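One structure below.
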Amino acid sequence: MEQLIYLDNAATTKVNPKVLDAMLPYFSDKFGNPSSVYGFASGNKQAITEARENVAEILGADPSEIYFTGGGSEADNWALKATADAYEKKGKHIITTKIEHHAILHTCEYLESKGFEVTYLDVDENGVVDMGQLRSSIRPDTILISVMFANNEIGTMQPIAEIGRLAKEKGILFHTDAVQAFGHVPIKVDEMGIDMLSASGHKLNGPKGVGFLYIRKGVKIRSFIHGGAQERKRRAGTENVPGIVGLGTAARICADTMEERARKESELRDYLIERVMKEIPYTRLNGHRTKRLPNNANFSFQFVEGESMLIMLDMAGICGSSGSACTSGSLDPSHVLLAIGLPHEIAHGSLRLTLGDDTTREQIDYVVEKLKEIVEKLRSMSPLYED
Amino acid sequence: MEQLIYLDNAATTKVNPKVLDAMLPYFSDKFGNPSSVYGFASGNKQAITEARENVAEILGADPSEIYFTGGGSEADNWALKATADAYEKKGKHIITTKIEHHAILHTCEYLESKGFEVTYLDVDENGVVDMGQLRSSIRPDTILISVMFANNEIGTMQPIAEIGRLAKEKGILFHTDAVQAFGHVPIKVDEMGIDMLSASGHKLNGPKGVGFLYIRKGVKIRSFIHGGAQERKRRAGTENVPGIVGLGTAARICADTMEERARKESELRDYLIERVMKEIPYTRLNGHRTKRLPNNANFSFQFVEGESMLIMLDMAGICGSSGSACTSGSLDPSHVLLAIGLPHEIAHGSLRLTLGDDTTREQIDYVVEKLKEIVEKLRSMSPLYED
Amino acid sequence: MYSEKVMDHFQNPRNVGEIEDASGIGTVGNAKCGDIMRIYLDVDENQVIQDVKFKTFGCGAAVATSSMATEMVKGKTVNEALTVTNKAVMEALDGLPPVKVHCSLLAEEAIHAALWDYAEKNHIKIEGLSKPKSDISEHEEEEDY
Amino acid sequence: MYSEKVMDHFQNPRNVGEIEDASGIGTVGNAKCGDIMRIYLDVDENQVIQDVKFKTFGCGAAVATSSMATEMVKGKTVNEALTVTNKAVMEALDGLPPVKVHCSLLAEEAIHAALWDYAEKNHIKIEGLSKPKSDISEHEEEEDY
Ligand SMILES: Cc1ncc(COP(=O)(O)O)c(C=O)c1O
Ligand SMILES: Cc1ncc(COP(=O)(O)O)c(C=O)c1O
Ligand code: FES
Ligand code: FES
C-alpha cells in the first residue's frame with residue numbers, strides 16, 4: 001500500500017517535531033512542580049509564562065487573560081457553566097447556534113436542565129449564522145452569546161467581528177469556540193469583540209490534553225475545577241508543563257507560518273474541490289465556498305453512505321472522516337449537515353477531508369482517483385441509485 | 001554545588017524514562033484520533049484500552065469502571081459535583097475531613113454555596129480521622145463520604161476499609177482521593193468498599209495533566225465535562241493518548257515494583273526520621289509514626305520558619321517543601337498541620353521530605369547534616385529562640 | 001474495529017445486485033441511522049431459496065451482514081430462512097462492535113420483508129413470520145465503549 | 001522567584017543579633033502569616049541611629065527586608081528613619097514578588113515600633129510616627145500570578 005495520506009487534520013494533528021523537542025525536557029529532566037520554591041522548578045514556571053505570552057500575543061490579549069485547561073472541551077464547558085453561574089442573577093438566557101460542537105451543545109442541554117433557556121440559532125445553507133435572527137433573539141435576560149469561530153465539519157467561518165460588535169452594543173458577553181480556527185486564521189480578541197475564546201492544542205500540531213480559555217479582564221469568572229491556586233486561582237491542578245510548553249510552541253509556529261500555510265492549503269483545497277465537483281456527479285460541496293477554513297473540504301456524495309466510503313478510503317491508505325453518524329458512536333446523522341438543510345440520506349454520505357501543511361498535490365490527485373472508484377462502487381451497490 | 005537531591009516526590013515526580021519511551025510514539029507518529037474509523041487510529045484506541053486494563057487490574061476493578069481525566073483535581077471535582085448532582089434528591093449532606101486536599105475542600109465550599117451541607121471531620125494528633133465522629137455524623141440525607149486515602153502533607157493513611165464498610169452498611173457512597181496513594185500502597189476497591197477513587201499520573205512517575213476517576217458500576221454518574229462520546233460518553237474531549245499511555249505504563253511499573261520500593265523507601269525514611277529526631281532538638285514528627293506513606297517524612301522545627309528553610313536547602317541542592325503558607329501563594333498556614341493541633345508558629349516551621357525510588361542513604365546523610373546547620377542558623381536569627 | 005470476516009465480506013460482498021422478476025423483494029430502512037437495505041429472493045416451487053441478491057446503502061457492518069445473510073439463506077427453505085437471525089449472522093461474522101449490532105437487524109428485517117412479500121404474492125403463510133415494519137429501530141441504546 | 005539582591009541579603013543578612021540595653025526595641029507580628037520581627041536600636045544623644053540589629057522569624061523576603069531596612073536606617077536620625085518605608089526597602093532590593101509585599105511591611109512596622117519605644121522611653125515625640133499596632137495586616141489581597 002502507498003504511504004499513508006492523512007486528510008483528517010480537523011480531527012487531530014501530528015505533533016510538530018519542533019513542538020515535541022520543546023516539550024521533551026519537561027518530562028524526565030525539568031520535571032519540577034512549577035509551584036515549588038526551589039530553583040529547580042523556577043524554570044518550569046518561566047516556561048509556562050512564556051507559553052502564556054506566546055498565546056496571548058497571537059490573540060492580541062494580555063498574558064493574564066489566558067488560562068490553560070485540559071483541552072478544548074473543558075474550555076467550552078468552563079466558559080458556559082461559569083458564565084451561567086456568575087451571571088444568573090442578571091438572566092438565564094443564552095444564545096448559541098445549531099452547528100456548535102457537542103462540547104457546547106451538550107453543555108447547553110445541561111444548563112437547560114438547570115433552568116437556563118437556550119436559543120439555538122439557525123444557519124443558512126452555507127452554514128452561516130443568521131444575524132437577523134441573532135439580533136431578534138436577544139432579550140433583556142440574555143447573558144451570553146456563544147458562536148463558534150469556524151465549524152469543525154464544514155469549515156464555515158462565522159461573522160465573528162459583527163457578532164462581537166452586536167454583543168458589545170447590547171452589553172452581552174460573547175464567547176467563541178475557536179478550537180478549529182486558532183492558529184489557522186487570524187484572530188484578534190479586541191478587534192473582534194471577543195470576551196472568551198476556547199482553543200485546543202492538538203488541532204494546531206500541538207499536544208492532546210491541553211487547551212486554553214481566554215477570558216477578557218473584567219469578565220466575572222468562576223472556577224470550574226476547584227482546588228489549588230494554579231492559573232491565578234482559577235483553574236486548579238498541577239500544571240501540565242510539557243503540554244503547556246507544547247501548546248505555546250505550536251501556537252508560535254502556527255502564527256509565524258499562518259499566512260504561507262493558509263495560502264498553500266487553500267490552493268490545494270480549491271484544487272481538490274474543483275476536481276471532485278467536476279469529476280464525480282451528484283456531489284455537493286458543504287460549507288461556504290470561500291468563507292471557510294483554509295484546509296477544509298466537505299462533500300456529500302448522493303446515494304453513498306459515509307462509513308463504507310471511509311473504510312474503502314482507509315483500504316487505499318487515505319484517512320478522512322464523515323459527517324456520518326456511525327462514526328462517532330452516535331447514530332444520528334451530523335447535526336451540522338442537517339442544520340444546513342441536507343436530507344438524512346445525503347447527510348449520511350458526507351466526507352470531510354482536512355489538509356495539513358504537508359499535504360501535496362500528488363496526494364490530492366491520488367485521492368481524487370480513488371474517490372471516483374469508491375463512489376462508483378458504492379453507488380453500484382446502493383438501492384437508492386439508478387443509473 | 002552537589003548533584004540535586006530531589007525530596008519532593010509528593011509534589012510531583014520525574015517521568016520514568018520507560019514511561020516516556022512508551023508515550024513517545026503517540027505524539028508525532030501514531031497521532032490519530034482514537035475515535036476515528038481508519039486503521040491508522042485503531043492502535044491508539046487499543047493503547048487506551050490497555051492503559052485502562054492496567055489501571056483497573058491494579059485496583060481489582062473492571063476496565064469499564066476507569067474514566068481518564070485531565071488530572072487529580074478534575075477527578076476530585078467530578079466525583080463530588082457529579083454525585084451531588086445525581087443524588088441531591090436523596091439528600092444534600094456530604095461528609096469529608098479537615099485535612100483533604102484543596103481540590104476536595106474548595107469543591108465542598110462550592111457545593112455549600114449551592115445549598116449542600118458539608119461536615120468536616122476532625123483528625124487526631126496523628127492525622128487519623130475520628131471514626132466515632134464519622135459514625136455520628138451520618139444522617140439520613142448523607143449522600144457521600146469523601147476521605148482521602150493518604151494525606152499529601154503528613155503522609156498519614158486513613159482506615160479506608162473501615163470507612164468503606166461503614167459507608168456500605170449505611171448505604172452511602174464512598175469516594176477516596178488516592179492521588180498520593182495510588183501506585184505506592186496496595187489498594188483494592190472491592191475489599192475496601194471504595195465506590196469512587198481519584199488518582200493523578202504525575203504522582204507515580206507518570207505524566208502531568210492526566211489522571212483518572214474510578215467509578216463503581218451502578219453508581220449513578222453525571223458528566224462533568226460535557227461534549228463528545230469519549231470515555232463511555234462520560235468525559236468528553238479528544239483523548240490525551242500519550243498521557244493515558246504514560247499513566248497506564250507508570251501504573252503497571254509501580255504495581256510491579258511496589259513491594260520492593262515501599263520496603264526500600266520506608267527503610268530510608270525511618271533512617272531519616274530517626275537521625276533528625278535524635279540530632280535536632282525541639283523537633284516534632286508530623287503524621288502517624290507507622291501508618292504513613294512509605295516515602296513521607298514531615299517535621300516541625302520549632303522557632304524556624306519554613307520558607308527560609310526551603311531556600312537554604314535549595315542553596316544546598318536539596319528540594320523539599322513546607323507546610324508553610326508562603327509557599328503556596330496562600331498565606332494561611334497549612335490547614336493540615338493546624339488540624340492535627342499545631343500552633344501557627346510551629347505549623348509555620350514545617351518541612352516535608354518525600355523520597356523517590358532513587359533516593360540513597362548518602363543523600364539522606366547529606367540532607368541531615370545540612371538540615372542541622374540550617375536549623376541552627378535560622379534559630380540563631382529567630383526572635384522566638386533563646387538558648 | 002471490524003473482524004477479518006466482516007472486512008472480507010465488506011471488501012468482497014457476495015450477492016450484490018438485483019433479481020429481475022424476483023419472487024419477493026423487501027426494503028427496510030433503519031430509523032435510527034437512516035440506512036437502507038433491499039433484498040431480492042428467487043424462491044422455487046418447493047419454497048427453496050434458489051438465489052438472493054441485495055443492495056445496501058449503509059455502513060460497513062450493513063454491507064457485511066447483507067453479504068453474509070444472503071449467503072446463509074441461499075439454498076434454505078423459506079421456513080429455514082427464519083433461523084437466519086441477526087445473531088446468527090453476527091456469529092458467522094465473528095461478532096460486531098456493540099454500536100453496530102443494530103446494523104445486523106437491518107439484514108434480518110430485509111430478509112423477513114422479502115419473505116413476507118413472497119408469501120403475500122403467493123397467498124401463503126410462513127409460520128413465525130410477522131408483517132415487517134418498514135422502519136426498524138433499535139431495541140435499546142447500545143453503550144459505546 | 002527572588003531578585004539577586006534579595007538572595008544576597010537573605011544569604012548574608014546584615015545586622016542580625018541583639019543590642020543589650022538598646023535605646024528602643026520593637027517587635028511586630030504579621031497577622032496574616034504569623035511571622036515575627038524584632039528590631040533593636042542604639043540611638044545617640046543627637047537622635048542619630050548608631051547601631052541597629054534584628055531578629056526575624058519569617059520567610060526569605062522577611063529576612064532580606066529586615067537586613068536591608070537595618071542597613072538603610074543606620075546612621076540616619078530618628079526623623080530621617082521614617083523615610084525608610086517598605087516601598088523604599090523593596091526598591092533597594094530590586095523588588096519583591098506580589099505575594100511578598102506584605103513581608104516588607106513587617107520591617108517598616110518593626111522599625112516604627114522600635115522608634116516608638118525609644119520616643120516613649122525618652123518622652124519625646126517623633127513627627128509623623130503613630131503608635132504601632134502589634135499585629136500588622138495586609139492592605140489588600142495580592143493576586144498570585
Ligand atoms: C491528595 C491530592 N489530591 C489531589 C491532588 C491534585 O492533583 P493534580 O495536581 O494532578 O490535579 C493532589 C496533588 O496535587 C494531591 O496530593
Ligand atoms: C469546534 C470544536 N470544539 C471543541 C472541540 C473539543 O476539543 P477537545 O477534543 O480538545 O476537547 C473540538 C474538537 O474535538 C472542536 O472541533
Ligand atoms: S446500518 Fe446504519 S449504522 Fe450500520
Ligand atoms: S513574612 Fe510572612 S510570608 Fe513573608
Side-chain angles (χ1 to χ4, degrees), chain A residues 4 6 8 11-17 20 27-28 31-33 35-41 69-74 76-77 101-103 106-107 109-110 200 202 207-210 225-229 233 236-243 307 310-311 313-314 319 321-322 327-330, chain B residues 4 6 8 11-17 20 27-28 31-33 35-41 69-74 76-77 101-103 106-107 109-110 200 202 207-210 225-229 233 236-243 307 310-311 313-314 319 321-322 327-330:
Chain A
L4 191 81
Y6 185 76
D8 202 12
T12 195
T13 58
K14 173 187 186 136
V15 174
N16 184 321
L20 184 55
F27 288 106
S28 304
F31 62 84
N33 190 319
S35 300
S36 302
V37 169
Y38 33 79
F40 170 60
T69 68
S73 298
E74 186 195 320
D76 281 344
N77 274 254
H101 189 268
H102 283 129
H106 288 334
T107 303
E109 285 160 24
Y110 166 80
S200 185
H202 70 101
K208 295 176 174 63
V210 64
I225 297 184
H226 293 86
K233 304 186 186 150
T238 304
E239 296 92 338
N240 175 0
V241 185
E307 198 213 58
L310 291 186
I311 302 178
L313 284 167
D314 186 22
C319 298
S321 74
S322 166
T327 61
S328 69
S330 144
Chain B
L4 191 81
Y6 185 76
D8 201 12
T12 195
T13 58
K14 174 187 184 136
V15 173
N16 184 321
L20 184 55
F27 288 106
S28 304
F31 63 83
N33 189 319
S35 300
S36 302
V37 169
Y38 34 79
F40 170 61
T69 67
S73 299
E74 186 194 320
D76 281 344
N77 274 255
H101 189 268
H102 283 130
H106 288 334
T107 303
E109 285 161 25
Y110 166 80
S200 186
H202 70 101
K208 294 174 175 64
V210 63
I225 297 184
H226 294 87
K233 302 186 187 153
T238 304
E239 296 92 338
N240 176 358
V241 184
E307 199 214 57
L310 291 186
I311 302 180
L313 284 167
D314 186 22
C319 298
S321 73
S322 167
T327 61
S328 67
S330 145

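The structure presented is a predicted model; accordingly, all values stated were derived computationally and were not measured. Letters A, B, ... are given to chains in the order of the sequence lines, protein chains preceding strands, and every chain is numbered from 1.
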*For chain B, the option from A/His101, A/Glu239, A/Glu109 that forms the most heavy-atom pairs under 4.5 Å*: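 Max contact count across the listed options: A/Glu239.
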Inset, instruction - May I ask you to name which of A/Gly243, A/Ser28, A/Ser73, A/Gly237 has the most heavy-atom pairs under 4.5 Å with chain B? - result: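 Top option by heavy-atom pairs under 4.5 Å: A/Ser28.
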Hey, are the side chains of B/Asp8 and A/Tyr38 touching, using non-hydrogen atoms and a 4.5 Å cut-off?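 They are in side-chain contact.
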According to side chain to side chain contact (heavy atoms under 4.5 Å, CB included), who are the partners of A/Pro242, at least two apart in sequence or on a separate chain?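 Side chain to side chain contact (heavy atoms under 4.5 Å, CB included) list for A/Pro242, sorted by chain: A/Met23, A/Tyr26, A/Phe27, A/Asn240.
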* What distance separates A/Glu74 CD from B/Ile225 CD1, expressed to the nearest 0.5 Å? ->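 Interatomic distance, A/Glu74 CD to B/Ile225 CD1, rounded to 0.5 Å: 4.5 Å.
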Of all heavy-atom pairs between [X] and [Y], which one has the smallest distance, and what is that distance?
{"X": "B/Thr107", "Y": "A/His226", "value": "OG1-CB, 3.6 Å"}
{"X": "A/Thr12", "Y": "B/Asn33", "value": "CG2-N, 3.4 Å"}
{"X": "B/Phe40", "Y": "A/Asp314", "value": "N-OD1, 4.5 Å"}

For B/Thr69, side-chain hydrogen bond (donor to acceptor under 3.5 Å, both in side chains) partners two or more places apart: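 side-chain hydrogen bond (donor to acceptor under 3.5 Å, both in side chains) list for B/Thr69, sorted by chain: empty.
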Determine the option with the most heavy-atom pairs under 4.5 angstrom with chain A, choosing from B/Ala103, B/Gly70, B/Gly32, B/Pro207.
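Counting heavy-atom pairs under 4.5 Å, the top option is B/Ala103.
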Pairs of heavy atoms under 4.5 Å with chain A: top-ranked of B/His102, B/His202, B/Lys14: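 With the most close heavy-atom pairs to chain A, the winner is B/Lys14.
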**Item:** Residue part contacting chain B, namely of A/Leu20, when any heavy atom lies under 4.5 Å
**Value:**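 Side chain only.
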Item to complete: Tell me, for A/Thr13 versus chain B, whether the close heavy atoms (under 4.5 Å) come from the side chain, the backbone, both or neither.
Response: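 A/Thr13 touches chain B through backbone heavy atoms alone.
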